[in-house]
2 protein chains.
Amino acid sequence: MGRPTIKDVAEYAGVSPKTVSNVVNDYEHVSDRTRAAVREAIDALGYRINIAGRQLRRGRTGMITLAVPDLDIAYFAELAHHVMPEAERRGETVLIVETGGRREREIAAVQGFDAEFTDGVILSPLALQPRDLARRDTRLPLVLLGECNPPGTADHVAIDNVSAAREATAHLLSRGRRRIAVIGGALRGPRNTGRLRTMGYQQALDAAGVPLPNDLVKPVPAYRWADGATAARALMRGPERPDALLCLNDHLALGALRALHEDGWSVPKDVDVVGFDDIEATRYSIPTVTTVAPDKPGIAREAVGMLLDRIDRGNADDTAVEKVAGHRLLVRESSGG
Amino acid sequence: MGRPTIKDVAEYAGVSPKTVSNVVNDYEHVSDRTRAAVREAIDALGYRINIAGRQLRRGRTGMITLAVPDLDIAYFAELAHHVMPEAERRGETVLIVETGGRREREIAAVQGFDAEFTDGVILSPLALQPRDLARRDTRLPLVLLGECNPPGTADHVAIDNVSAAREATAHLLSRGRRRIAVIGGALRGPRNTGRLRTMGYQQALDAAGVPLPNDLVKPVPAYRWADGATAARALMRGPERPDALLCLNDHLALGALRALHEDGWSVPKDVDVVGFDDIEATRYSIPTVTTVAPDKPGIAREAVGMLLDRIDRGNADDTAVEKVAGHRLLVRESSGG
DNA sequence: TTGAAAGCGCTAACAC
DNA sequence: GTGTTAGCGCTTTCAA
């Protein structure tokens with residue numbers, strides 16, 4: 001015989017399938033005796049509910065998707081680590097999907113792939129275009145993390161990237177740094193995370209009356225260790241040698257640290273280094289890395305909450321919600337802390 | 001109207017539901033004309049298959065569980081990063097679950113939790129006891145990773161931990177190190193990863209005729225940065241100061257590196273450091289860390305393959321399969337590389 | 001407080 | 001090459 005069904009349990013306990021269902025779902029109006037009998041039957045038969053039957057009937061899977069670029073990026077692993085228990089606390093299971101930061105995979109995620117797996121999606125996009133959202137032909141509830149597509153398109157949680165970068169830059173300026181490079185930055189283009197943080201950097205320079213240095217805003221192919229190392233090496237060997245590196249995530253900062261070490265530069269004596277995300281490695285590296293710490297538990301809580309709200313409301317088409325998560329600058333050895 | 005079903009598509013295209021199903025499932029014997037018409041209807045209606053109906057009918061969910069202690073441990077994030085595309089390549093979706101290394105969560109994982117979510121489980125256990133497997137009252141296909149419970153209980157993939165540790169220790173001995181400490185090791189107790197690696201360490205010492213130093217096998221509460229730092233500090237300040245640290249994973253090694261730096265020790269001049277797992281951080285730390293690199297893609301491929309085999313065979317009760325994944329020692333700066 | 005009947009969306013088996 | 005029928009396991013009426 002195959003796996004026991006609710007019918008088998010019912011037969012064994014001498015009740016109807018509906019009664020078993022009532023017990024399984026903690027329905028109140030079940031006599032203690034019946035409940036006990038059903039429980040016993042469940043144990044005896046080793047019954048486990050078949051989620052497919054339930055979700056077919058209920059029209060909900062009890063699962064939500066968390067789509068991130070890459071679990072190899074510690075920030076996303078840490079984020080997942082916070083999202084999963086938060087979802088579990090609220091009775092949902094999380095399906096993690098890696099997009100690789102590729103646009104077609106991100107589009108697939110906001111479309112619910114080709115199958116309707118989950119009740120909603122939390123996506124941390126990198127390549128998604130505003131028009132991809134506009135074209136979305138589904139009511140699949142969606143919450144966006146980090147990247148700031150034109151507000152109003154979807155629910156969204158992020159830190160205040162402009163302020164965060166402004167504070168980090170102001171910190172470097174207050175240490176007398178004037179030739180501050182931005183690794184992973186962008187002086188123009190869409191208002192993605194890199195652009196917003198570069199704007200904050202520019203604002204801090206403006207406020208201090210420091211002119212924007214030439215050629216020190218350096219884009220990178222990705223926010224990985226190797227990219228930080230390459231960029232730092234190029235900047236330090238270039239004509240406009242910086243005295244500080246504002247790295248737009250911690251992996252870039254740690255990669256930069258390594259390249260600086262190899263080229264014989266001392267941090268923070270010759271050059272300061274600052275990162276974003278507060279991944280665990282920055283607390284143990286040599287030197288430890290000053291970083292902007294986003295409120296990860298808060299982001300996870302808000303994202304899950306917003307998504308479940310939308311799912312519960314049937315994703316009614318009202319206006320999108322914007323939430324700003326907290327952040328703080330943790331000054332460590334790499335900038336004199 | 002709600003989400004379109006296969007019936008709606010059939011009506012729109014003027015065919016039967018079964019024909020739509022055939023098209024969706026890439027069944028061969030469908031005329032091009034029909035196929036095109038169905039495709040068009042699908043696009044027009046924005047139809048996406050409802051996975052619940054399919055899995056109810058097919059008796060398979062197309063999902064497998066990957067249960068790891070903690071995504072914050074880079075090794076497990078990297079492992080997940082390899083398992084997901086491998087599973088996808090084979091048409092399966094991966095549900096990641098964190099156990100926190102807690103026994104009751106690991107038991108729940110091998111039992112399939114209380115719901116029938118997935119078709120099988122890949123578990124990387126830490127606290128699971130042999131008797132937990134013996135007691136298992138389910139036919140849920142299972143593959144174990146890493147920890148070596150009594151062979152024969154379940155399919156199992158791991159590197160040869162004894163050999164790996166022996167090689168790493170031999171490497172340190174060949175550099176003239178004689179007072180080699182083991183952070184995370186165990187001289188007795190169950191044959192878990194820590195014990196096996198300590199056995200390899202002992203074998204290498206024996207082979208070289210080096211007596212086992214006193215008090216240098218140091219257990220740790222967990223394999224995290226902080227634990228490595230604490231252990232390294234204690235060892236270096238203790239009465240039996242080591243000249244090398246064999247750290248049983250890279251997080252321990254990186255934490256140790258930090259503690260050594262803080263106490264003014266130079267690596268590798270004063271003391272060598274070796275880790276396990278080859279996480280990306282070890283390639284960028286200062287100094288870079290010598291480590292045992294397991295064949296992660298191979299582990300992922302074997303684990304997924306073994307699990308799907310079992311699922312396809314209906315988990316017939318034949319003997320468990322043992323697979324040994326490859327590994328190699330990468331000598332880096334922390335031991336003179 | 002419990003039970004009977006119906007049907008969620010899909011596909012296997014079989015007919016045509 | 002395509003359609004009909006039946007039923008996967010569950011929960012939602014509604015009735016008893």
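Predicted, not measured: the structure shown is a model, and the values here were computed from it. Residue numbers start from 1 in every chain, and the chains themselves are labelled A, B, ... in the order their sequence lines are given, proteins ahead of strands.
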B/R35 and B/E40: salt bridge (charged side-chain N to carboxylate O under 4.0 Å, His left out), yes or no, with the steps?
CA-CA 9 Å; B/R35 192 183 301 277; B/E40 199 176 325; over 6 Å; no
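- Read 5' to 3', the first and last nucleotides of DNA chain D with an atom closer than 4.0 Å to a heavy atom of chain A are D/dG9 to D/dT13.
- Near DNA chain C, meaning a heavy atom under 4.0 Å from it, residues 35-50 of chain B has B/Y47, B/I49, B/N50 in order of number.
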Quick one, B/I311 with B/I64, criterion side-chain contact (heavy atoms from CB on, under 4.5 Å). Give me CA distance, side-chain angles, the key distance, then yes/no.
CA-CA 10 Å; B/I311 293 171; B/I64 60 177; 4.1 Å; yes
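- By the 6.0 Å contact criterion, CD on A/Q129 is enclosed, its count of non-hydrogen atoms from other residues, nucleotides or ligands being greater than 12.
- Across the interface with DNA chain D, nearest-nucleotide mapping of A/L56 and A/K18 shows A/L56 to be the residue nearer the 5′ end.
- Residue pairs meeting the ring pair (Phe, Tyr, Trp, His ring centres under 6.0 Å) criterion with at least one partner in residues 10-58 of chain B, sequence neighbours excluded, are B/Y27-B/H29.
- A salt bridge does not link A/R102 to A/D70: none of the charged side-chain nitrogens sits closer than 4.0 Å to a carboxylate oxygen.
- Of the listed residues (A/E147, A/E302, A/E322), just one forms a side chain to side chain donor-acceptor pair (under 3.5 Å) with A/H156, and that residue is A/E322.
- At a threshold of 4.0 Å, the pair B/D312-B/R60 counts as salt-bridged, since one of the basic side-chain nitrogens sits closer than that to a carboxylate oxygen.
- With rounding to the nearest 0.5 Å, the separation of CG in A/L308 from CE in A/M306 is 11.5 Å.
- A search for side chain to side chain donor-acceptor pair (under 3.5 Å) contacts involving B/E88 returns A/R105, not counting sequence neighbours.
- Heavy-atom contacts from other residues, nucleotides or ligands closer than 6.0 Å to CZ of B/R136 number more than 12.
- Contact footprint of chain A on DNA chain C: nucleotides with an atom under 4.0 Å from a non-hydrogen protein atom, first to last in 5' to 3' order, C/dT1 to C/dG9.
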Please step through salt bridge (charged side-chain N to carboxylate O under 4.0 Å, His left out) for the pair B/E86 and B/R89, ending with a clear verdict.
CA-CA 5 Å; B/E86 178 62 25; B/R89 203 174 62 75; 2.8 Å; yes
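- Side chains of A/Q55 and B/Q55 form a contact here, defined as non-hydrogen atoms less than 4.5 Å apart.
- Shown for residues 19-30 of chain A: residues whose heavy atoms fall under 4.0 angstrom of DNA chain C, namely A/T19, A/H29, A/V30.
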